[in-house]
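Here's the structure we're looking at; comments come further down.
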Number of protein chains: 2
Amino acid sequence: MTYKYKHEDKALVAVDCIIFGFDQEEEVLKILLIKRDFKPSKGKWSLMGGFLKTNETIDDAATRVLCTLTGLQEVYMEQLSVFSEVDRDPAERTISVAYYALINIGDHKKDLIKKYSAQWFDLSEMPHLIFDHDLMVDHAIKRLKYRISVQPIGFELLPEKFTMRQVKKLYEAILSEELDKRNFVKKIHSMEILERLDEKDKRSSKKGSYLFRVKKDKYRRKMDKEHEFNA
Amino acid sequence: MTYKYKHEDKALVAVDCIIFGFDQEEEVLKILLIKRDFKPSKGKWSLMGGFLKTNETIDDAATRVLCTLTGLQEVYMEQLSVFSEVDRDPAERTISVAYYALINIGDHKKDLIKKYSAQWFDLSEMPHLIFDHDLMVDHAIKRLKYRISVQPIGFELLPEKFTMRQVKKLYEAILSEELDKRNFVKKIHSMEILERLDEKDKRSSKKGSYLFRVKKDKYRRKMDKEHEFNA
DNA sequence: TCAAAAGTGTTCACCGTACACCCATGG
DNA sequence: CCATGGGTGTACGGTGAACACTTTTGA
């Protein structure tokens with residue numbers, strides 16, 4: 001026997017994804033935007049989003065939306081907040097749950113990018129976005145800054161093997177401030193989740209710099225433990 | 001000219017409030033629960049909740065729901081997370097946004113409590129709640145523990161004038177651990193948001209202990225500044 | 001041989017924590 | 001006068017921040 005809540009208003013529920021990637025050539029943080037090919041606001045830049053379906057959770061929806069655009073699964077995502085201003089979407093009452101995702105920019109499928117007229121933007125050169133998406137991006141950046149200072153999530157943005165230089169440039173890009181090399185290396189090592197390989201990357205210097213890799217098991221343990229505290 | 005998103009599923013959107021209060025007699029943290037008087041799960045204990053209306057934001061809805069049960073406005077509330085398991089509400093697909101609220105337990109309207117068959121429960125003696133409300137409460141407690149260690153929100157749970165003893169007991173109740181008196185006082189004073197009054201409260205000792213009050217302006221400034229960073 | 005990036009340690013200030021004694025008062 | 005809770009300061013270890021020189025090697 002089931003009961004229904006009569007006379008209650010229903011709403012469209014959407015998710016929107018702030019997708020971050022780290023461009024290793026330019027050493028800047030980028031964000032993946034799409035050009036909307038439907039109304040309203042057709043032709044304008046927007047976050048990738050989608051509507052919640054009845055048979056999925058909101059986390060599922062966010063994962064699905066991200067995968068649709070990037071082809072990636074098993075991506076680090078975090079729910080930010082609900083955006084629910086009454087007129088945020090001029091077409092119809094829609095509340096949206098914002099998520100941000102950290103991906104290795106080299107991994108995503110190029111054909112999908114084309115299909116959705118998507119494009120990577122330098123954070124400092126982003127166009128204005130539709131609805132309240134600019135606000136969402138602001139939130140995401142703040143949260144990412146905070147999160148990275150507390151948990152080792154930055155490595156989600158890097159390829160499997162990376163140099164300390166890359167890690168440092170990544171943190172600098174996210175925090176938008178210069179960091180001291182020695183203190184930084186010390187801090188990263190104190191996490192105890194990296195192993196140094198015997199290979200060197202000689203692309204950025206004649207001397208070459210050591211490549212590192214995340215120790216997956218230690219990383220997982222650390223994330224789980226800290227998640228407990230932070231919620 | 002408006003457009004509609006045809007063929008998208010709609011959902012009921014609800015808010016649920018974890019309402020915390022600090023019982024000064026028993027020096028324990030309490031939570032306000034209601035006995036549902038409608039189906040499904042009629043007669044079971046539950047968080048106070050309500051459905052989002054088309055003309056309000058989700059924050060508005062949470063504020064409204066809280067006010068309905070307590071008569072209070074201008075209350076500290078924080079959004080926790082969206083709960084959206086497909087079958088969380090057996091009656092109908094409903095997603096719920098959980099909020100927690102901190103109120104001065106002496107302030108709320110007794111008649112409303114009666115009207116909604118509500119009751120304050122000691123955290124350690126809580127009954128099982130309907131749906132995923134137990135989960136929500138867990139989240140709320142974790143977040144509250146974190147938040148109080150970072151921002152001076154504890155005073156939201158106290159009356160206008162309070163003693164250091166009360167503050168300490170409150171923190172101990174939230175963190176569920178004993179704190180060192182001297183270190184605690186030092187920490188509270190280092191926030192620089194309290195002023196000591198000339199009055200003493202003699203109820204809990206013969207010597208009497210000084211009463212303190214929050215300096216509202218400093219408090220606001222501190223909250224705003226820290227909010228910026230934490231998001 | 002030199003330019004450019006890599007790699008590496010020490011010092012200091014501050015903060016959180018551990019810890020114990022005297023004070024005031026009502027009964 | 002004594003039992004009860006109130007009020008207060010110091011010493012230590014750990015953590016984050018400032019800071020400069022040597023190494024490697026391709027050009």
Side-chain angles (χ1 to χ4, degrees), chain A residues 24-27 145-152 154 158 161-213 222 225-226 229, chain B residues 24-27 145-146 148-152 154 158 161-213 222 226 229:
Chain A
Q24 280 136 229
E25 311 304 311
E26 303 177 40
E27 297 178 335
K145 277 187 192 186
Y146 165 70
R147 187 65 64 202
I148 206 177
S149 72
V150 160
Q151 277 177 286
L158 293 171
K161 300 175 184 179
F162 46 84
T163 64
M164 269 298 159
R165 174 204 177 82
Q166 284 177 291
V167 185
K168 176 161 168 285
K169 290 289 182 184
L170 168 63
Y171 272 69
E172 288 175 339
I174 292 174
L175 301 172
S176 20
E177 62 179 308
E178 302 251 308
L179 300 172
D180 177 84
K181 198 183 1 170
R182 284 161 294 182
N183 292 337
F184 183 76
V185 170
K186 223 184 307 169
K187 176 180 159 169
I188 295 295
H189 282 140
S190 76
M191 296 175 181
E192 297 186 305
I193 57 171
L194 295 189
E195 58 182 336
R196 195 175 83 175
L197 307 176
D198 284 331
E199 303 170 63
K200 284 197 163 195
D201 179 338
K202 303 204 116 189
R203 280 174 303 173
S204 69
S205 78
K206 319 191 163 168
K207 187 178 175 182
S209 55
Y210 281 108
L211 285 166
F212 291 82
R213 178 166 48 187
K222 187 153 283 236
K225 207 187 307 171
E226 282 166 16
F229 182 60
Chain B
Q24 280 135 232
E25 310 305 310
E26 304 177 39
E27 297 179 333
K145 277 187 191 186
Y146 165 70
I148 206 178
S149 72
V150 159
Q151 276 177 288
L158 294 171
K161 300 174 184 180
F162 47 83
T163 64
M164 270 297 160
R165 175 206 177 82
Q166 284 177 289
V167 185
K168 176 162 168 284
K169 289 289 182 183
L170 168 63
Y171 272 69
E172 288 175 337
I174 292 175
L175 300 173
S176 19
E177 62 178 308
E178 303 251 309
L179 301 171
D180 178 84
K181 199 182 2 168
R182 284 161 292 185
N183 293 337
F184 182 75
V185 170
K186 224 184 307 169
K187 177 181 159 170
I188 295 296
H189 281 139
S190 76
M191 295 175 182
E192 297 186 306
I193 57 170
L194 295 190
E195 59 181 337
R196 196 174 81 175
L197 307 176
D198 285 331
E199 302 170 64
K200 285 197 164 192
D201 179 338
K202 304 202 115 188
R203 280 175 303 173
S204 70
S205 78
K206 321 191 163 171
K207 185 177 177 182
S209 54
Y210 282 109
L211 285 167
F212 291 82
R213 179 166 46 187
K222 185 151 284 230
E226 281 166 16
F229 182 63

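The sequence lines fix the lettering, A, B, ..., with proteins before strands; numbering per chain opens at 1.
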In whole angstrom, what separates [X]'s [atom1] from [N]'s [atom2]?
{"X": "B/Glu177", "N": "C/dG16", "atom1": "CD", "atom2": "C1'", "result": "13 Å"}
{"X": "A/Ile188", "N": "C/dT8", "atom1": "CD1", "atom2": "C1'", "result": "16 Å"}
{"X": "A/Phe162", "N": "C/dA6", "atom1": "CZ", "atom2": "P", "result": "15 Å"}
{"X": "A/Lys168", "N": "C/dT8", "atom1": "NZ", "atom2": "P", "result": "15 Å"}

Short of 4.0 Å, heavy atom to strand atom, which residues of residues 178-185 of chain B count as contacting DNA chain C? B/Asp180, B/Arg182, B/Asn183
Please find the pair of heavy atoms, one from A/Met164 and one from A/Phe184, that lie closest to each other, and give the distance.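 Looks like O-CE2, 4.4 Å.
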Heavy atoms of B/Tyr210 and B/Asp198 approach each other most closely as CE2-O, 4.4 Å
Does B/Thr163 have any side-chain contact (heavy atoms from CB on, under 4.5 Å) partners at least two apart in sequence or in another chain, and if so, which? B/Arg165, B/Gln166, B/Asp201, B/Ser209, B/Leu211
Distance (rounded to the nearest 0.5 Å) between [X] [atom1] and [Y] [atom2]:
{"X": "A/Asn183", "Y": "A/Ser190", "atom1": "CG", "atom2": "OG", "answer": "11.0 Å"}
{"X": "B/Asp180", "Y": "B/Lys187", "atom1": "CG", "atom2": "NZ", "answer": "12.0 Å"}
{"X": "A/Gln24", "Y": "A/Phe162", "atom1": "CD", "atom2": "CZ", "answer": "10.5 Å"}

Counting heavy atoms not belonging to A/Lys161, are there more than 12 under 6.0 Å from its NZ?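 12 or below, so no.
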Taking distance alone, no hydrogens or angles, what donor-acceptor pairs closer than 3.5 Å link side-chain atoms of residues 167-178 of chain A to residues at least two apart or in another chain?
unit_1, atom_1, unit_2, atom_2, d
A/Lys168, NZ, A/Glu172, OE2, 3.1
A/Glu172, OE2, A/Leu179, N, 2.9

Who are the side-chain hydrogen bond (donor to acceptor under 3.5 Å, both in side chains) partners of A/Glu195, not counting sequence neighbours? A/Arg213
Do the side chain of B/Lys222 and the main chain of B/Met191 share a donor and acceptor less than 3.5 angstrom apart?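 Yes.
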Closest nucleotide of DNA chain D for B/Arg165 versus for B/Lys186: which of these residues is on the 5' side?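 In this pair, the answer is B/Arg165.
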Check: B/His189 and B/Arg196 side chains under 4.5 Å, non-hydrogen atoms: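 No, side chains not in contact.
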From the 5' end of DNA chain D to its 3' end, which nucleotides mark the outer limits of contact with chain B, defined by a 4.0 Å heavy-atom distance cut-off (strictly under)?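 Listed 5' to 3', the contact boundaries are D/dG5 to D/dT10.
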Heavy atoms within less than 4.0 Å of DNA chain D: which residues of residues 200-209 of chain B have one? Give them sorted by number.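 Within residues 200-209 of chain B, the residues near DNA chain D are B/Ser204, B/Ser205, B/Lys207, B/Gly208, B/Ser209.
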